[in-house]
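Since we're looking at a predicted model, the values are computed, not measured.
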Amino acid sequence: MTHPPPSSTAQDVLKAADARRLILDSLSPVTGGERVELHAALGRVLAQDVIAPLDVPMHDNSAMDGYAVRAEDLDSGAGSETRLKVVGSALAGHPFAGRLRPGEAVRIMTGAVIPDGADTVVMQEIVRREDDRIFIPAGQQKGRNLRRAGEDLAAGSVALPAGRRCGPAELGLIASLGIGEVAVRRRLRVAFFSTGDELTPIGQPLKPGAIHDSNRHTLAGALARLGCELLDLGIVPDRPTALEAAFAEAAGTADVVITSGGVSVGDADFIRELMARMGEVSFWKLAIKPGRPMAFGRIGDAVLFGLPGNPVATMVSFYQFVQDALLSLMGVTPLPPAARFAARADFALRKPAGRVEYLRGRLLRDGAALGVTLAGAQGSGMLHSMSEADCFIVLPEDCTSVQAGDTVFIQPFHGLV
Ligand SMILES: Nc1nc2c(c(=O)[nH]1)N[C@H]1C(S)=C(S)[C@@H](COP(=O)(O)OP(=O)(O)OC[C@H]3O[C@@H](n4cnc5c(N)ncnc54)[C@H](O)[C@@H]3O)O[C@H]1N2
Ligand code: MOO
Ligand SMILES: [Mg+2]
């Protein structure tokens, strides 16, 4: 296979934001879905709105442990305290059966249904009790300490919109509605393989110049966290026929194909040409570091990402471009905004203008302020500092230096996956 001469003209280089937009604009969600039981819905994307079949909460209930009373019995001014007779009790799950009459109160616990006739709860701490009598200071407000029926969700309203990815809060909310099964989009099928003659699976001896394949394991982890169905196609050598067969198999079975390595301009870098021959491809030199080369395209209906081989470049490309693309294909709407926070740098460095740099950083909790330090050496093959890091420090294209004390932007990893 022949290669076009390496090109390094400025117009080849795309800004990260433009590449992201180009990718997202070209994608639409996969079709098809299934119904799953609630316990299996974590990480899944709702295919339909979830409508509340009942009010949440279902009844007016108490927000405090105390006494349910009738506000009109109380002295609302600065006068003397009110004396009431305790005629019964209401606990969560055990409503008071009767109706409150003038001069009466019911002992009530948090979550218990407000008895008929009562309209206010007075918290226990401000009430004096003597046998079955209570004394309430003047100045209580009508309607205090009540949680109204339907105040969280009214029956018939949209509890969760289609396109929402279910996290713990969504599972709890769906359960609170008494719904045990939800309609979700089908899982995204993602095929992935590593490319490179030097790559050796764990457990096999390393020949001279060989290394263990790590990218497949980082990708498997990142994809599993997103809830994708994984098709691990292993290691494929730098041989066009082998790569072509792997692409054909992957594109025939998966929605998305992700490869790592072989995407630059070296003599064994065949990915871009193969993708172009088998389908269509936009090859980009991106104005970012690490992760400069990346191939994006399609073979048939399958979306392809040819990620750069350097292990940290693979991860940066995944988090900056692939993750949102996968969420979009999974049907997530709206995509979560990129979480960026300002932090005080405790390091100094210089960088050339022109590329966004994603440095591996470690957050420092320095009193109320957020600080950040470098997580270690920043070579694009160095996974150790990636494992030490809990955020990317994002230095924009036009930044040329950072001084200790400068404000920089960070992306926490927990916002990425
Ligand atoms: N003349 C140029 N050379 C390079 C450029 C460039 O613009 N002009 N870009 C550099 C950048 S930036 C990167 S990143 C790499 C991308 O290279 P490839 O995608 O072609 O990847 P390989 O050449 O196959 O491998 C690069 C490096 O990564 C190691 N690797 C690959 N796969 C794995 C894996 N699965 N597990 C662990 N390590 C892996 C591989 O052994 C190499 O060391 O190109 C630069 N060159
Ligand atoms: O993406 Mo490359 O990692 O800048 O070396
Ligand atoms: Mg290469």
Side-chain angles (χ1 to χ4, degrees), residues 28-71 88-100 106-121 123 141-189 225-229 326-337:
S28 37
V30 293
T31 52
E34 56 183 324
R35 293 189 70 79
V36 295
E37 287 185 25
L38 187 53
H39 68 82
L42 184 67
R44 304 297 297 269
V45 181
L46 295 174
Q48 293 167 2
D49 292 349
V50 174
I51 307 294
L54 37 83
D55 281 340
V56 181
M58 272 186 82
H59 310 280
D60 289 354
N61 69 92
S62 178
M64 291 286 172
D65 301 321
Y67 294 88
V69 301
R70 294 154 28 96
S89 66
L91 283 80
H94 302 281
F96 176 71
R99 180 178 178 84
L100 230 64
V106 162
R107 173 88 175 116
I108 194 164
M109 310 307 151
T110 307
V113 175
I114 301 295
D116 283 345
D119 56 15
T120 300
V121 170
M123 67 188 290
Q141 267 172 24
K142 184 176 179 177
R144 279 298 295 272
N145 301 322
L146 246 61
R147 303 188 291 208
R148 299 279 179 199
E151 74 174 12
D152 189 1
L153 278 170
S157 64
V158 176
L160 293 166
R164 175 70 58 81
R165 189 160 175 245
C166 291
E170 284 73 19
L171 298 188
L173 181 58
I174 295 166
S176 76
L177 298 173
I179 296 174
E181 223 185 61
V182 280
V184 295
R185 299 246 187 193
R186 71 170 171 81
R187 278 183 199 282
L188 204 61
R189 282 190 288 273
R225 271 205 198 172
L226 287 174
C228 300
E229 195 180 312
L326 298 180
L327 290 172
S328 173
L329 287 164
M330 286 159 67
V332 174
T333 52
L335 287 177

Could you check if a side-chain atom of V113 sits within less than 4.5 angstrom of a side-chain atom of P115, using non-hydrogen atoms only? no
Is the shortest heavy-atom distance from the side chain of T120 to the side chain of R70 under 4.5 Å? no
Heavy-atom distance under 4.5 Å between the side chains of L226 and L327, does that happen here? yes
Side chains of L146 and S62: does their closest heavy-atom pair fall under 4.5 Å? no
Between R187 and R44, is there a side-chain heavy-atom distance shorter than 4.5 Å? yes
Please report the shortest heavy-atom distance between G117 and R99, naming the atom on each side. N-NH1, 3.9 Å
If we only count heavy atoms from C-beta on, is the L329 to P29 side-chain gap below 4.5 Å? no
L160 CG to E170 CD distance, which is reported to the nearest 0.5 Å: 5.5 Å
Flag side-chain contact, heavy atom, 4.5 Å: L46 against P161: no
Test item: S157 and I51 side chains (from C-beta on) under 4.5 Å apart, heavy atoms: no
E34/R186 salt bridge by N-O under 4.0 Å criterion: no
If you round to the nearest 0.5 Å, how far is CZ of R164 from CG of L173? 9.0 Å
So, does D65 use its side chain to make a donor-acceptor pair with the main chain of M109 at under 3.5 Å? no
Take atom CZ of R147 as the centre, draw a 6.0 Å sphere, and report whether it contains more than 12 heavy atoms from other residues, nucleotides or ligands. yes
Gap separating the SG atom of C166 from the CG atom of L42, nearest 0.5 angstrom: 8.0 Å
Donor-acceptor contact present, side-chain R185 to main-chain V30, <3.5 Å: yes
Can you sort out the partners of A112 under side-chain contact (heavy atoms from CB on, under 4.5 Å), two or more places apart, ordered by chain and number? A90, I108
Within this structure, what is the CE-CZ distance for the pair M330 and R165, rounded to the nearest 0.5 Å? 4.5 Å
What closest approach, in Å, do L100 and A118 show between heavy atoms, and which atom pair accounts for it? CD2-CB, 3.7 Å
For I114 against V121, the heavy-atom pair lying closest together: CD1-CG2, 3.7 Å
Between V182 and A41 the two heavy atoms that sit nearest each other are CG2-CB, 3.8 Å
Between CG of L54 and OG of S176, what distance do you get to the nearest 0.5 Å? 8.0 Å
Would a distance-only check, ignoring hydrogens and angles, find a side-chain to backbone donor-acceptor pair under 3.5 Å from N145 to M64? no
Residue pair I179, I174: steps toward the side-chain contact (heavy atoms from CB on, under 4.5 Å) verdict: CA-CA 6 Å; I179 296 174; I174 295 166; 3.7 Å; yes
Given 3.5 Å as the limit, does a donor-acceptor pair link the side chain of D152 with the main chain of P57, or not? no
Can you name the nearest heavy-atom pair linking A159 to L153, along with the distance? CB-CD1, 3.6 Å
